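Here the structure is a predicted model, which is why all the values come from computation and not from measurement. Positions are given from 1 along the sequence.
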Amino acid sequence: MLTLRCARQTRAFLSPFSAATTTTSTSGILLFSNNASPPHPNSSASPSPNSSNPTTAGGFQSDTHNADVVYYFREWFMSRNQKLFDCIFEILRTHEDASADAALSGLNLGLSEGLVLEIFNYDKKDVLSCLKFFDWAGRQPGFHHTRVTFNAIFQIISKAKLMDLMLDYLQNHMKQRYVHKVMYYNILVIGYALAGKCETALQLFGKMRFHNVDLDAFAYNVLMNSLVEEGYFDVVETIAKEIRARGHQNDVTHAIMMKSFCKQNELKRGEEYLRRLMDDNNKKQLSGTAVATLLAALCKNNQFEKAASLIEEFREMDLDLTEHAYSMWIRDLVKVGKLDHALEFLKDKQAVEEYVPDVFRYNLLVCRLLRENRLEEVYDLLTEMKEKEILPDDVTMNMVLCFLCKAGMMDIAMNLYNSRVEFGLSVNSMAYNYLINTLVGDVSVDEAYRVLRNSMEQGYLPGQKTFSIIADALCREGKLDKMKELVLFMLDQNIMPNNFTYDKFISALCRASRVEEGYLLHDLLSRLNKSSQKSTYLNLISGFSKTNRGDIAARLLIEMQEKGYSPGRRLIGEVICGLSKMDNPEKQLLGLLEMQLSRNQLSTSKKLNFFIDGAGRARKPELAMQAYEVMRRNGLVPDIKSDILLLQSHLKSEKIAQALKLFRYLSMKWRKSKLWHTMIIGLCKAKKPEYASQILEDMKINKVTPSIECYEELIKLYCDSGQYHKAVEILNDMTQIGRPVSSFIGNVFLMHALRTKKLYYAWVSSSREQNLTPASWTLGHLIGFFSGCIEENYDDEDMENLIKQCFRIDIYTNNMILRRLSMNGMDLACKYFDRLCEKGYEPNRWTYEIIVHGLAKDGRNEEAKVWEDEMLRKGFGLTEVTQTII
């Protein structure tokens, strides 16, 4: 009753599947995306952490239900009852020869041919253990190996491609006392045939005939099958005649002959062979295996209709096709993507003939359904297997784990996984990938890491994609110690992570200010001939430069160049900044320069300009001058860019007198407006407006037109220092020569007008002293309105039109209008906010700040909270001033 109840509960959990590609079922369970691959942790289709856990979702709301479903699967897995076989293999793997003999003898196995074959089939991949058991069994009193057990052990060795081992075994096997002399030639022929040594096997066969000894039926079939596999088709016909002459022909012989026809692509001849057997009333010698072989060949040649008609034809002749032909047909339909046809065929044969596929066919169907995310049908097949008492193998149990992962039932999957030793489950790489990927996406990175370590300790190597996913998650969550442990474990196991994995880790270490650890890992990987990506070098160099270890940064810069990566201006600047903070920075910089020159890395003035620029960023004009001199000594002619960078290095370090002197020299050398612009902007940033104004006047005298940026920087500096009269003069001067008012300049004036009325008074005073241009008059009127000195009832549209007459409106201008409207009431401001959104403007932090601040100031705190929530959802934060009043 418990099993039936669990089945119903699990089935209810999975229904309805009609909404499987959307979001949730009617019971509130989050279902699955329509993605055939394991869920990726960054996928938008991944369930949220709260809904992916079955214990918190609607389907299994209690631990009791969860435990019932675990029991449902556990009961099925335990039905394999393989504890004895587990014990046998544990002894074979862990005990030495003498103690293994004693331990196996203590089990009182009651050896038989069938038991030996079962033990071999339990774990064929463990060749050494199978050989040890074969040897032990042959030495036990009362038991003698048969042709079948010899064939089984040879098959195991052959499939493991251990041919040398097999040949050694054949040469030495007669020394073992458990081999009967009468089986001598039969076993040798079987062994050499299975080892692919057909010529040796035929020589032995000839030697047997010379001694008037013959093969038995079993050995004949093994030999003929090996000849077919190796392509000795002429000899196959000869052996077949020998078999018929001795009356050894049976269903196996016919199946081998059919394989021979199919390998030669003589499908018509194969079909005729089958019909002849049916006509000769040899049905009892004809099994579904021969039919299955022909059907497989037809399917391989895309003759599916022909294959289907043959199935029906032979079935109507009362030939039993269920064991082989039906299984093959299902396999080939699935292989070519005809999954629905395979399922339909299965249901039809189950209903009419009570056909029950073997575990391998069920596994094949379940695997393909899993890939297509058809989880309801997966569950139906798994339930059917349990009801029909199909013993699950490792593949079945692994697919159950994958199914539970896809279904979001991770608690159940992990419970079964943690109990894997109890029912002898050997987890495969596919199940490990599903478990790890789902745990990363929905449950816990720590748990995913534990499973990954388990998988590697068991000898499984998850794919690079899985490594990358978990590495990304560990780095993203700052679990760098675990990431370090994982990388070192991988290296200890001689597993080399891909570039993406360790580059991401090194970058994460650098961001976490653990640049030394990142460098040690980089150095270790370099010794293992793994080249770091350019981004890794950038992070390491930047990290060491910021920690004032310019020497290591410079060393990495050179190494980076040796790897073929070209550093940019910013990176070289960071290295120079790092060197400038060390002892004797001039020596450090010159050493780096000389090394770069010796390696031919500074073959052009453009590359040396990077060093001049870096020295300027480090506020070391003397270093910039030394780099400049190195350029000239090495025959490189400084260009205008070199001179501008040298000038900027003096301006950034506020060496104004030297900068002015250098500028006078350079202005005679170059008649370039860019030089003048650099000087004015540099002086403004150094907060020297009087010098900048003088240079501006000199420009006009020398008939050089100042750029709009020169005017912008100078006006902003005068406004910030409260010299509004000067700012208005510069504005009027700019508009007199035809320069338009830029959005930047307009926004600066409007912002200061909102702060103080002094700007408007300065504009009034200037209008009396000089003739203002129309642009200056219009902007002055706007200043008066924004400062509150001019009382006019402009609505938002009138205000926009007035501003458009003066300069182009941008988002900053809109914020200024919003601020002004808020002074007349927040309803007007909110209405204007809506208009901005309708016009396609994307509000920024200050847009929201103005609304929240204004509402809070008016005492409308509940509305302010709603706007604050929206602001936070957009990723913006409030200023401290607004936080104090909300």
Side-chain angles (χ1 to χ4, degrees), residues 680 683-685 687-694 696-697 700 706 708-796 798-810 812-825 828-829 846 850 853-854 857 881:
I680 291 174
L683 289 168
C684 288
K685 290 182 177 178
K687 297 187 178 0
K688 301 293 181 181
E690 61 281 2
Y691 290 118
S693 295
Q694 184 59 53
L696 189 70
E697 290 300 321
K700 291 187 287 186
I708 191 68
E709 190 179 1
C710 293
Y711 286 110
E712 287 175 347
E713 291 294 333
L714 195 50
I715 288 172
K716 181 179 183 301
L717 181 58
Y718 275 130
C719 285
D720 289 344
S721 61
Q723 299 183 61
Y724 295 120
H725 194 275
K726 291 279 190 182
V728 174
E729 280 185 11
I730 297 294
L731 171 69
N732 199 51
D733 179 66
M734 180 190 76
T735 53
Q736 280 181 345
I737 63 172
R739 288 284 190 190
V741 178
S742 67
S743 299
F744 180 87
I745 292 173
N747 291 333
V748 167
F749 276 116
L750 294 185
M751 181 181 67
H752 282 272
L754 287 169
R755 292 177 178 174
T756 177
K757 295 181 179 181
K758 291 181 180 179
L759 177 57
Y760 179 69
Y761 298 150
W763 178 79
V764 171
S765 175
S766 295
S767 66
R768 293 170 181 164
E769 296 172 2
Q770 57 182 309
N771 294 323
L772 297 182
T773 62
S776 297
W777 270 104
T778 307
L779 186 55
H781 185 76
L782 281 170
I783 291 168
F785 173 73
F786 270 74
S787 62
C789 296
I790 297 178
E791 296 183 2
E792 298 227 15
N793 291 325
Y794 289 123
D795 60 18
D796 51 5
D798 292 336
M799 205 180 306
E800 281 184 352
N801 291 331
L802 188 61
I803 292 173
K804 285 177 182 177
Q805 295 177 26
C806 193
F807 60 88
R808 184 179 61 83
I809 294 176
D810 59 17
Y812 300 100
T813 317
N814 288 325
N815 287 341
M816 229 66 79
I817 296 173
L818 191 66
R819 182 73 177 274
R820 184 65 183 84
L821 290 171
S822 68
M823 296 177 181
N824 296 334
L828 289 174
W846 300 110
I850 292 165
H853 184 92
K857 196 172 181 181
V881 175

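Of the inter-residue distances, the one linking Thr756 atom OG1 with Tyr761 atom OH reads 8.0 Å to the nearest 0.5 angstrom. Of the inter-residue distances, the one linking Ser742 atom OG with Ile715 atom CD1 reads 7.5 Å to the nearest 0.5 angstrom. To the nearest 0.5 Å, atom OG of residue Ser776 and atom CD of residue Gln736 are 7.5 Å apart. Once rounded to the nearest 0.5 Å, the distance linking NZ of Lys726 with OG of Ser693 reads 6.0 Å. For the atom pair Ile817 CD1 and Glu800 CD, the distance stands at 5.0 Å (nearest 0.5 Å). Taking CD1 of Ile708 as the reference point, atom CD1 of Ile745 lies at 4.5 Å (rounded to 0.5 Å).
Here the side chains of Ile803 and Leu782 are in contact, with some heavy-atom distance below 4.5 Å. In this structure the side chain of Thr813 never reaches within 4.5 angstrom of the side chain of Arg808, judged on heavy atoms. With a 4.5 Å cut-off on side-chain heavy atoms, Gln770 and Glu729 count as touching. Inter-residue side-chain proximity for Phe786 and Leu759 is flagged as unmet; no heavy-atom pair is nearer than 4.5 Å. At a threshold of 4.5 Å between non-hydrogen side-chain atoms, the residues Met823 and Leu754 count as touching.
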- How far apart are the C-alpha atoms of Leu818 and Trp846, what are their side-chain angles, what is the distance that settles it, and do they pass the side chain to side chain contact (heavy atoms under 4.5 Å, CB included) test? CA-CA 10 Å; Leu818 191 66; Trp846 300 110; over 6 Å; no
- Task: Step by step, work out the side chain to side chain contact (heavy atoms under 4.5 Å, CB included) result for Arg820 and Leu750.
- Result: CA-CA 10 Å; Arg820 184 65 183 84; Leu750 294 185; over 6 Å; no
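Only one option out of Thr735, Asp733, Val741, Leu731 pairs with Tyr711 in a side-chain contact (heavy atoms from CB on, under 4.5 Å); it is Asp733.
Contact between Met799 and Leu821 at its shortest, heavy atoms only, is CE-CD2, 3.9 Å. Nearest heavy atoms, Ala727 versus Cys719: CB-SG, 3.8 Å. Looking at every heavy atom in both residues, Ser767 comes nearest to Leu772 through CB-CD1, 3.5 Å. Here the closest non-hydrogen pair linking Tyr760 and Ser787 is CB-OG, 3.8 Å. Contact record, Asn815 with Ile850: O-CD1, 3.3 Å, taken as the closest heavy-atom pair. Looking at every heavy atom in both residues, Ile737 comes nearest to Pro706 through CD1-CD, 4.5 Å.
The 12-atom threshold is not exceeded at CG of Asn771, counting heavy atoms of other residues, nucleotides or ligands nearer than 6.0 Å. Summarising the local packing, CD of Glu791 is surrounded by 12 or fewer heavy atoms from other residues, nucleotides or ligands at distances under 6.0 Å. Within a 6.0 Å radius of NZ in Lys687, no more than 12 heavy atoms belonging to other residues, nucleotides or ligands are found.
Residues passing the side chain to side chain contact (heavy atoms under 4.5 Å, CB included) test with Lys685, sequence neighbours excluded: Ile681.
Here Lys716 does not pair with Glu713 in a salt bridge; the nearest charged N to carboxylate O distance is not below 4.0 Å.
Within the structure, the ring pair (Phe, Tyr, Trp, His ring centres under 6.0 Å) test picks out the following pairs touching residues 714-744 (sequence neighbours left out): Tyr724-His752.
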